[in-house]
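Heads up, the thing below is written out as structure tokens.
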Amino acid sequence: MTLRLTNTLTKQTELFSPIKPKQVSIYCCGVTVYDLCHLGHARSYIAWDVLRRYFIWQGYKVNFVQNFTDIDDKIIAKAQQEGCEASEISERNIKEFHYDMDALGIIRPNRMPKATRCLHGIISMIKTLESKGSAYSVDGDVYFSVMKYADYGKLSRRELTDQLLNASGRITSQEKAQKDHPFDFALWKKAKENESSFDSPWGQGRPGWHIECSAMVLEELGETIDIHLGGADLIFPHHENEIAQSESATGKHLANFWLHNGMVNVGGQKMSKSLGNFTTIRDLLKEGISAMTLRLFVLQAHYRKPLDFTKTSLEAASKGWAGLNKALCLGLLNHEELGWPQTSNSTKITESDSRSELFSDYYQLFLDALEDDLNTSVALSVLFNLARPLRVIAKELEYGELDLISKSDKKELFERWKLLIKLSRVLGLQPEIFSKTSSQNNSNLQDSDIQEAINERNAAKLAKNYAKADKIRSQLREEGIELIDKPGGHTDWIKN
RNA sequence: GGCGGCAUGGCCAAGCGGUAAGGCAGAGGAUUGCAAAUCCUUUAUCCCCAGUUCGAAUCUGGGUGCCGCCUCCA
């Protein structure tokens with residue numbers, strides 16, 4: 001295999017080779033659980049889900065760890081606002097996080113440690129850093145000394161002296177006074193009054209933001225891991241600081257590969273909580289945007305590039321998915337007519353049996369695309385090309401022209417469909433079977449009412465009373481019911 | 001001020017030196033009483049200028065515009 005990934009550390013697209021053969025250790029920076037996740041989070045975790053599915057597909061044993069930051073200023077602020085414990089806020093949002101990620105079809109990480117449950121490892125690492133002279137404490141706060149780490153800035157490629165101090169305007173004057181160097185950062189923060197806090201050798205307090213990841217990587221995966229993941233906005237300072245801490249503490253490289261995903265933009269600007277221009281995953285799902293549409297939307301762009309979120313682009317993805325889904329559903333809904341074996345809608349990703357001789361060129365294109373730094377745009381184009389003839393069949397089935405398809409064609413089509421299903425699964429795209437009488441029926445009409453209206457319209461059509469027929473049709477349309485006339489006088493309907 | 005990214009058809013988006021994937025929209029066609037839905041066909045020389053090369057969207061230099069990061073951030 002020849003997987004190539006763009007490594008932020010070297011700025012090169014490098015051949016990936018794991019520390020242990022056929023095994024890969026991955027750490028992914030998770031969310032701070034103070035609120036619902038938005039589309040930006042979805043993009044990040046969908047991209048990394050595809051990376052993980054690729055490894056599983058290729059027979060790797062993947063150990064994927066992703067943290068929950070369950071204690072921080074915003075969680076504390078929200079708890080005070082709601083008059084509850086910080087843990088209530090974080091536990092609630094962890095549940096919400098799982099709900100959204102499960103809905104998006106993201107495979108759950110093998111382990112999801114919480115910062116507040118890793119205090120032992122965190123404190124022990126801070127002590128190590130203190131003993132090595134990389135950290136110092138000031139009145140209950142502990143800081144990491146950036147000048148003690150020679151390679152500081154190697155990930156984000158910046159010279160501290162060239163940086164605008166306090167560009168974000170978020171540093172307090174107290175902090176400034178305590179620090180030896182302006183870029184020193186907190187490992188442990190002294191608790192303010194009435195704040196959730198934990199015991200430590202430095203008094204009551206809580207861990208700084210960066211240290212939890214360093215401690216968790218060490219505890220869960222070891223000193224050096226294969227891949228470290230996160231959003232591009234974490235490169236500096238978060239990942240830079242993580243490297244400084246971990247490498248100062250262990251003397252080893254933290255991660256061989258650093259991968260960063262690009263941001264989701266809105267009107268050219270980054271989607272973020274602080275700008276208030278975000279759309280939550282929950283809202284999108286509630287609006288009826290399907291999880292697979294969101295996956296397709298995200299995967300149509302390369303993971304490292306910015307992706308602009310607009311209503312139009314989402315609609316385009318939705319329609320694109322509808323077409324792909326039609327092909328994917330073919331073998332599940334119409335296997336009897338086609339004489340195909342019944343296939344379960346399994347979600348399993350396996351390498352075995354997915355290399356069909358008939359369509360090895362598609363297979364190869366797809367594999368090459370993913371191995372080229374996760375080029376999901378090209379991978380998707382393979383899927384669409386694979387799906388096209390299947391969509392034709394779906395249409396012919398609808399019109400009862402099945403006898404036009406020869407037996408050998410049916411067999412070949414089955415191979416094509418099987419490959420499509422399997423490759424789609426690597427991208428996490430699962431067929432979504434909708435019944436027209438879905439529970440989300442928001443119109444007041446019963447199925448029987450609709451059928452009655454259709455009968456009435458068909459009678460009008462036979463009498464060539466088209467004005468009446470069209471009136472019935474437009475009335476139904478206002479209720480969100482779209483009529484589909486089929487040959488032979490039969491009329492089907494779908495709900496928009 | 002420093003570091004980094006991006007600029008491809010109406011919109012989104014691949015492309016990594018050999019003459020532009022894919023999705024959406026549009027147009028034409030099949031089908032239809034007309035529609036809708038569906039399927040088929042079809043639409044670009046790649047921000048500007050200068051260079052390297054037999055050949056550049058792709059490399060080099062110079063512009064222009066947009067965005068991200070510089071201690072909340074996926």
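Here is the naming used below: chain letters follow the sequence lines, and residue numbers restart at 1 for every chain.
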Can you list the steps and then say if A:His239 with A:His260 is a ring-ring contact (aromatic ring centres under 6.0 Å, His included)? CA-CA 10 Å; A:His239 289 162; A:His260 292 98; 4.9 Å; yes

Are any of A:Lys270's side-chain N or O atoms less than 4.0 Å away from OP1 or OP2 of B:rC67? no

Counting the atoms with a prime plus P, OP1 and OP2 as sugar-phosphate, which does A:Val382 contact under 4.0 Å by heavy atoms, base, sugar-phosphate, or nothing? nothing

note: A:Ile484, atom CD1; B:rU31, atom C1'; distance rounded to Å ~ 14 Å

Of the candidate nucleotides B:rA14, B:rG22, B:rC24, which contains the atom at the shortest distance from the side chain of A:Ala316? B:rC24

Nucleotide by nucleotide, nucleotides 1-7 of chain B touches protein heavy atoms under 4.0 Å in the pattern (B base, S sugar-phosphate only, - none) BBSSSSS

Taking B:rA21, B:rG23, B:rC39 as options, the one with an atom nearest any side-chain atom of A:Gln300 is B:rG23

Regarding A:Lys74, tell me which of base, sugar-phosphate or nothing describes its non-hydrogen contacts under 4.0 Å with the strands shown. base

Please report the distance separating the P of B:rU45 from the corresponding atom of B:rU38, rounded so that it comes out in whole Å. 30 Å

Got a salt bridge between A:Asp72 and A:Arg206, using NZ or NE/NH1/NH2 to carboxylate O under 4.0 Å? no

Checking side-chain polar atoms at under 3.5 Å, does A:Glu371 have a donor or acceptor matched by the opposite partner on A:Thr2? yes

Within residues 27-43 of chain A, residues whose heavy atoms come under 4.0 Å of RNA chain B: A:Gly30, A:Val31, A:His38, A:Gly40, A:His41

Is it true that A:Arg282 and A:Thr280 share a donor-acceptor pair across their side chains at a distance under 3.5 Å? no

Which listed nucleotide (B:rA13, B:rA74, B:rA14) is nearest to the side chain of A:Asn375? B:rA14

Got a donor-acceptor pair under 3.5 Å from the side chain of A:Asp485 to the base of B:rC34? yes

For A:Lys148 and A:Asp180, run salt bridge (Lys or Arg N to Asp or Glu O under 4.0 Å): C-alpha distance rounded to whole Å, both residues' side-chain angles, the deciding distance at 0.1 Å, then the answer. CA-CA 11 Å; A:Lys148 294 282 168 58; A:Asp180 288 351; over 6 Å; no

Using a heavy-atom cut-off of under 4.0 Å over every strand shown, decide if A:Lys179 touches base, sugar-phosphate, or nothing. base

Under 4.0 Å, heavy atoms only, any strand: does A:Arg457 hit a base, just the sugar-phosphate, or nothing? base

Return the nearest nucleotide to the side chain of A:Asn385; candidates are B:rA74, B:rA21, B:rG33. B:rA21

With the criterion set at under 5.5 Å between ring centres and under 30 degrees between planes, would B:rA74 be stacked on A:Tyr45? no

B:rG61 versus B:rU8 - spacing of their C1' atoms, nearest Å: 22 Å

Checking all strands, does A:Ala232 fall into the base, sugar-phosphate, or nothing category for heavy-atom contacts under 4.0 angstrom? nothing

Looking for any heavy atom pair under 4.0 Å, which part of the strands does A:Lys461 touch: base, sugar-phosphate only, or nothing? base

For the side chain of A:Ala469, counting heavy atoms from C-beta on, which of B:rC70, B:rG33, B:rA14 is nearest? B:rG33

Hey, what's the ring geometry for A:His238 with A:His210, parallel, tilted or perpendicular (30° and 60° as the breaks)? tilted

Checking B:rG22, B:rA25, B:rA36 against the side chain of A:Arg477 (C-beta onward), the nearest is B:rA36

When we call it a touch if two heavy atoms are under 4.0 Å apart, what does A:Phe384 touch: a base, just sugar-phosphate, or nothing? sugar-phosphate

Salt bridge (Lys or Arg N to Asp or Glu O under 4.0 Å) between A:Asp35 and A:Lys74: does it pass, once the steps are laid out? CA-CA 9 Å; A:Asp35 205 350; A:Lys74 281 182 212 158; over 6 Å; no

Classify the nucleic acid contact of A:Asn166 as base, sugar-phosphate or nothing, counting any heavy atom under 4.0 Å across all strands shown. sugar-phosphate

Considering only B:rA36, B:rC12, B:rA13, which nucleotide approaches the side chain of A:Glu482 most closely? B:rA36

